[in-house]
Amino acid sequence: MSKIICVLYDDPVTGCPDRYARGDLPNIDRYPDGPTLPTPKGIDFEPGTLLGSVSGERGLRKYLEANGHEFVVTSSKDGADSVLDRELHDAEIVVSQPFWPAYMTEERIAKAPKLKLIVTAGIGSDHTDLKAAVDHDITVAEVTCCNSNSVAEHVVMMALALVRNYLPSYQWVLKGGWNIADCVARSYDLEGMNVGTVAAGRIGLRVLRLLKPFDLKLHYMDRHRLPEALEKELGLTYHASLKSLSSVCDVVTLNCPLHPETENMVNAQSLKDFKRGAYLINTARGKLCDTDAVAAALESGRLAGYAGDVWYPQPAPADHVWRSMPHHGMTPHISGTSLSAQTRYAAGTREILECYFENRPIRDEYLIVQGGKLAGVGAHSYSVSEASKAAS
Ligand code: NDP
C-alpha cells in the first residue's frame, strides 16, 4: 500500500457548482503539432468538472482506494503546521500543481524518506527542487502539453484586454457610467503592432500562430531559431537578445521557463530598452520579472500595461504590489487550469500513476527526473543546479 498526498487549491467560496455553464467539452485527440492527449486505462471523473480544487480530488480517489492505497487531499501546504508537512513523513507520492504549488524543497524532500514520485499536474516543475529529487532518486513527472494552448489563449486575451483597455471600460459599466472618453483615452487597435514572444516553445509558438490572423508584425527571441519554413509561414523576425526584441515591440509576452538565466530578466535596467508605452504579458513565472521594477515602469509610463497570472510567492499576499499597481490586468494563476485543461491534466496524472503502479514506463515527454538524473523532456528544459535555486 502506498500513501499519496494530493495538494489542490481551495473550493469556490460558494461551493462546487452542482450545474456547470456548459454541458460538454470539444473532442480533441492530439495537441497542435504534438503528441496524443493522455491515455489512461480509465477515468473516474466527469470531464469538464472542477478537478483541481479539494472536492474534485483530481478524480483519483476511487482508483487509488480501489487499489488499496491511502489518499490524502489537502490545500494546506505552507508552514510547519501544514497538512502537507504533517503527512509527508511516510508519503510515497506527492501530486502537486503550479497554480497552488507545494514547494518541494530540499528540506521537505529530506523529511520524506519513502518519497518515490512527484507529479506536477500541469507544466513547469520549478516548484520542486530537482537537484534534491536527483540526489534522492525521486522520479519527477509533469503532464507536458496539457495546458499549452490554454495559456496561449490567455496571452491573446490579455494582449487584447490591455491594448483595447477592456478592464477599465468594463468597470465603467459596473459603476453605471457611459464614460466613453474615459474608456477610449487609453484604447488602441492591436492591428499592425509589433508583437514579440520571449521563447517560441510550445506556448510561445502557439501564441504566434493564434496571433497571425490579427495582421501583426510578429517577433520571437529564443536560444534556438525555428525552422526557416516556419519563420516564413508566420512572417517572424528573430532576435538574439531581449534588448533587440523589446526595443521594437509594442507587446512583449514571456513564455520561457524559470531558470537562473531567465530569473529577473525583466528588471529596472532591461525595462529601459522597452518602447515607451509597451505592454508586457507574463504567464510563464512571476520570478522572470523584478516585482518593483514592473510597478515602477507602470507608474512612469514606460509600460502602458502589464498582465499575467503568475506571481511569487503563490498565493500572492494581499499587499502584493501587483494587486494595486496602475494599468494591470492580473489574474490569479488560472490560465492553465480552465475546466478544459483540468480534464486533460487529471487524465495525464492518472496515466502517470497507472504507469508507476504497473511498472510500465512513463512517457518520455512527461519525465523531468528519473533514475537519479534529469530525463525525458526535463533533460532538455532544466539543469539540476538551476532547479534548486528556483524552488527556494
Ligand atoms: P517549452 O519547453 O515548450 O518551451 C520553452 C522555450 O523557452 C524553449 O523554446 C526554450 O528553448 C526557451 N528558452 C529557455 N531558456 C530561454 C532563454 N534564456 N531565452 C529564450 N528562450 C529560452 O515550454 P512551454 O512553452 O510548454 O512552457 C513555457 C513555460 O510556461 C513553462 O516553463 C512554465 O513556466 C510556463 N507555464 C505556465 C502555465 C500557466 O498556467 N501560467 C502553464 C504551463 C506552462 P530551448 O529549446 O533552447 O530550451
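In each ligand, atom 1 is the first atom listed, and ligand 1 is the first ligand listed.
Side-chain atoms of Trp311 come within 3.5 Å of backbone atoms of Thr331 as a donor-acceptor pair (strictly under, hydrogens ignored). Arg323 places a side-chain N or O within donor-acceptor distance of the main-chain N or O of Ala316, the cut-off being under 3.5 Å. Listed for the Asp126 side chain is no donor-acceptor partner under 3.5 Å among the backbone atoms of Leu258.
The nearest heavy-atom contact from the protein to atom 37 (C) of ligand 1 is Thr283 O, 3.2 Å. Of the protein's non-hydrogen atoms, the one nearest atom 35 (C) of ligand 1 is Ala284 O, 3.6 Å. Of the protein's heavy atoms, His333 NE2, 3.0 Å lies nearest to atom 40 (O) of ligand 1. When only non-hydrogen protein atoms are considered, atom 28 (C) of ligand 1 lies nearest to Asn255 O, 3.4 Å. In terms of protein heavy-atom proximity, atom 44 (C) of ligand 1 is closest to Ile203 CD1, 3.5 Å. Considering only non-hydrogen protein atoms, atom 45 (P) of ligand 1 sits nearest to His380 NE2, 3.6 Å. In terms of protein heavy-atom proximity, atom 29 (C) of ligand 1 is nearest to Cys256 O, 4.0 Å. The protein non-hydrogen atom at the shortest distance from atom 5 (C) of ligand 1 is Pro257 CD, 3.8 Å.
The ligand atoms of ligand 1 that sit less than 4.0 angstrom from a heavy atom of His259 are 14 (C), 15 (N), 18 (N). Listed by atom number, the atoms of ligand 1 under 4.0 Å from Ser335 heavy atoms are 39 (C), 40 (O), 41 (N). The Gly336 neighbourhood of ligand 1 comprises atoms 40 (O), with distances under 4.0 Å to a heavy atom of that residue. Close approach of ligand 1 to Asn147 (heavy-atom distance below 4.0 Å) involves ligand atoms 42 (C), 43 (C). Heavy-atom contacts of Met221 reach the following atoms of ligand 1: 19 (N), 20 (C) (cutoff under 4.0 Å).
With Ser2 as reference, Glu92 is the one residue of Lys114, Lys116, Glu92 to meet the side-chain hydrogen bond (donor to acceptor under 3.5 Å, both in side chains) rule.
Heavy-atom proximity to atom 38 (C) of ligand 1, evaluated over Val310, Asp309, Val151, Thr331, is greatest for Val151. Nearest residue to atom 10 (C) of ligand 1 from Val198, Asp222, Val377 is Asp222 (criterion: closest heavy atom). Between atom 6 (C) of ligand 1 and the options Ala199, Ser381, Ser148, Gly122, the minimum heavy-atom separation is to Ala199.
Two rings, from Phe357 and His69, have their centers less than 6.0 Å apart. A distance below 6.0 Å separates the ring centres of Tyr220 and Tyr238.
Using a 4.5 Å cut-off on side-chain heavy atoms (C-beta onward), Ile43 and Thr343 make no contact.
A salt bridge does not link Asp250 to Lys217: none of the charged nitrogens lies less than 4.0 Å from a carboxylate oxygen. Ion pairing between a basic and an acidic side chain is recognised when a charged N comes within 4.0 Å of a carboxylate O; Asp189 and Arg164 show such pairing.
Both the sub-6.0 Å distance and the 45° axial angle are not jointly satisfied by Arg202 relative to the ring of Tyr31.
A side-chain N or O of Thr337 and one of Tyr345 form a donor-acceptor pair less than 3.5 Å apart.
Contacts with ligand 1 closer than 4.0 Å are made by heavy atoms of both the backbone and the side chain of Arg202.
The shortest N or O to N or O distance between Arg223 and ligand 1 is under 3.5 Å.
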